[in-house]
Amino acid sequence: TQVTVTGTSFIGVTEVLIDTSFCLFTVNSTTELILTVPATATTGRIKVISSIGTTESATDFVPVNVPDVTNFSPASGPVGTTVILTGTGFCTTTSVDFNGITTSFTVDSDVQITTVVPYGATTGPITVVNTVGTFTTASDYTVTPDILSFTPASGYVGDNVTITGTNFLTVGTVEFNGVSATFTVDSYSQITATVPVTATTGLITVTSPTEGTDASSTAYIVHPKIDSFTQTTGIVGDAVTINGSGLNNASSVTFNGTSAGFTVVSESQVDAIVPFGALTGSIEITTPYGTATSSSYFNVEPNITGFTPV
């Protein structure tokens, strides 16, 4: 950008500066010179220096250069992240976008802009436009996936869960407390996942192979469920294997209300002993996340253990 400076006694001029930046210049006459605004120029007074003395403008000159983004921080984050752009030529900025999605911004100074990753943004360059030109960063800002909520908050293995958030388009893995789940990416902001067979209560995570991982802020609760048991009939003292899901934190097992001894084998198996005093009825397993009741009865057969007198 060239600027015409008018005044008097410009013969013998040796240096021209804008604030502290030296400018190329041409003296046209004793009353006029033309300077070229350098890329490094910042707002300040125009100074003309000659062998006789120095003069400066009464007001600041505000340079307008094509914007130049030299850095942005942080380099990655989810929608809503505040990003600081540093560079030059920001004073007349008219727009900022993330990979083509326009966002709000504040021009802090000619060398700094504060902006926010907008909804809809995907990984890509940042572009700054001002009144004289456009600059697009050579490196990408990485928009990471972000889980905002999920519904329902609890359920059983096999249930569908709707996960809401942002930048889900490149998600390649969904896990329930570390167990991989089948899922469908419905849109930029929604995933539908199925609670996997061996899932336990814990956080939901989504992972993009190129953009990172995010975890839910709260746990998805897997309620216990009894699917079957190895025998439907037995006597006091028999061992019974109970199969289901969400059983890993079992705190009690009952046969028709009578407490039984048991061992938690896994999240899908509990081994129990038919307790003394048990009668035919449902088996129940209680965990911190609920109580599971069998849909069918366990039949306790009568058993003679002795008689007297002999």
Side-chain angles (χ1 to χ4, degrees), residues 147 149-163 173-184 191-206 215-310:
I147 297 174
S149 64
F150 55 84
T151 184
S154 63
Y156 299 90
V157 164
D159 284 357
N160 285 334
V161 177
T162 299
I163 305 167
T173 304
V174 176
E175 295 180 338
F176 285 71
N177 202 22
V179 179
S180 293
T182 58
F183 67 96
T184 302
I191 289 172
T192 301
T194 301
V195 182
V197 172
T198 57
T200 56
T201 294
L203 301 181
I204 299 173
T205 59
V206 295
S216 60
S217 58
T218 58
Y220 178 83
I221 295 172
V222 180
H223 296 306
K225 182 181 180 183
I226 296 174
D227 294 325
S228 64
F229 34 89
T230 52
Q231 60 191 73
T232 58
T233 301
I235 62 173
V236 170
D238 278 358
V240 179
T241 296
I242 306 165
N243 301 307
S245 55
L247 307 179
N248 56 305
N249 291 306
S251 56
S252 74
V253 176
T254 62
F255 285 69
N256 197 18
T258 301
S259 294
F262 66 94
T263 300
V264 175
V265 178
S266 68
E267 68 280 344
S268 59
Q269 181 179 322
V270 170
D271 290 343
I273 303 297
V274 180
F276 179 80
L279 300 174
T280 294
S282 298
I283 298 173
E284 290 189 343
I285 297 179
T286 298
T287 77
Y289 309 111
T291 297
T293 302
S294 63
S295 58
S296 58
Y297 282 174
F298 180 85
N299 298 294
V300 182
E301 294 181 320
N303 181 39
I304 298 174
T305 59
F307 55 88
T308 184
V310 294

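These numbers come from the heavy atoms of this one structure, side chains and all, not from hydrogens, waters or symmetry mates.
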Where is the tightest heavy-atom contact between [X] and [Y], given as atom of each residue plus distance?
X      : Y      : answer
Phe255 : Pro275 : CD1-CD, 3.5 Å
Thr291 : Thr286 : OG1-OG1, 3.0 Å
Ala153 : Tyr220 : O-CD1, 3.6 Å
Thr192 : Thr162 : OG1-OG1, 4.4 Å
Pro196 : Phe176 : CD-CD1, 3.6 Å
Val236 : Gly277 : CG2-N, 4.4 Å

Counting only N and O atoms by type, is there a donor-acceptor contact under 3.5 Å from the side chain of [X] to the main-chain atoms of [Y]?
X      : Y      : value
Thr280 : Val300 : yes
Ser216 : Ile204 : yes
Thr241 : Thr230 : no

Given side-chain hydrogen bond (donor to acceptor under 3.5 Å, both in side chains), test Asp271 with Gln269 step by step and report yes or no. CA-CA 7 Å; Asp271 290 343; Gln269 181 179 322; 3.1 Å; yes

[atom1] of [X] to [atom2] of [Y]: how many Å apart, nearest 0.5 Å?
X      : Y      : atom1 : atom2 : answer
Phe262 : Ser251 : CZ    : OG    : 6.5 Å
Ser282 : Asn256 : OG    : CG    : 7.0 Å
Ile163 : Thr151 : CD1   : OG1   : 11.0 Å
Phe229 : Asn243 : CZ    : CG    : 10.5 Å
Thr233 : Asn299 : OG1   : CG    : 4.0 Å
Thr218 : Phe150 : OG1   : CZ    : 3.5 Å

Side-chain heavy atoms of Val253 within contact of Ile285, under 4.5 Å: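 Answer yes - side chains close enough.
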
Within the 4.5 Å heavy-atom criterion, are Ser180 and Thr173 side-chain neighbours or not?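 Yes - at least one pair of side-chain heavy atoms lies under 4.5 Å apart.
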
Thr201, Thr205, Thr200, Thr198 screened by side-chain hydrogen bond (donor to acceptor under 3.5 Å, both in side chains) with Asn177, the one that passes: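 For Asn177, the side-chain hydrogen bond (donor to acceptor under 3.5 Å, both in side chains) test succeeds with only one of Thr201, Thr205, Thr200, Thr198, which is Thr200.
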
Would a line drawn from the ring center of Tyr289 to the ring center of His223 be shorter than 6.0 Å?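 Centroid distance Tyr289-His223: not below 6.0 Å, so no.
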
Test side chain to side chain contact (heavy atoms under 4.5 Å, CB included) on Phe183 and Val206 and set out the steps. CA-CA 10 Å; Phe183 67 96; Val206 295; over 6 Å; no

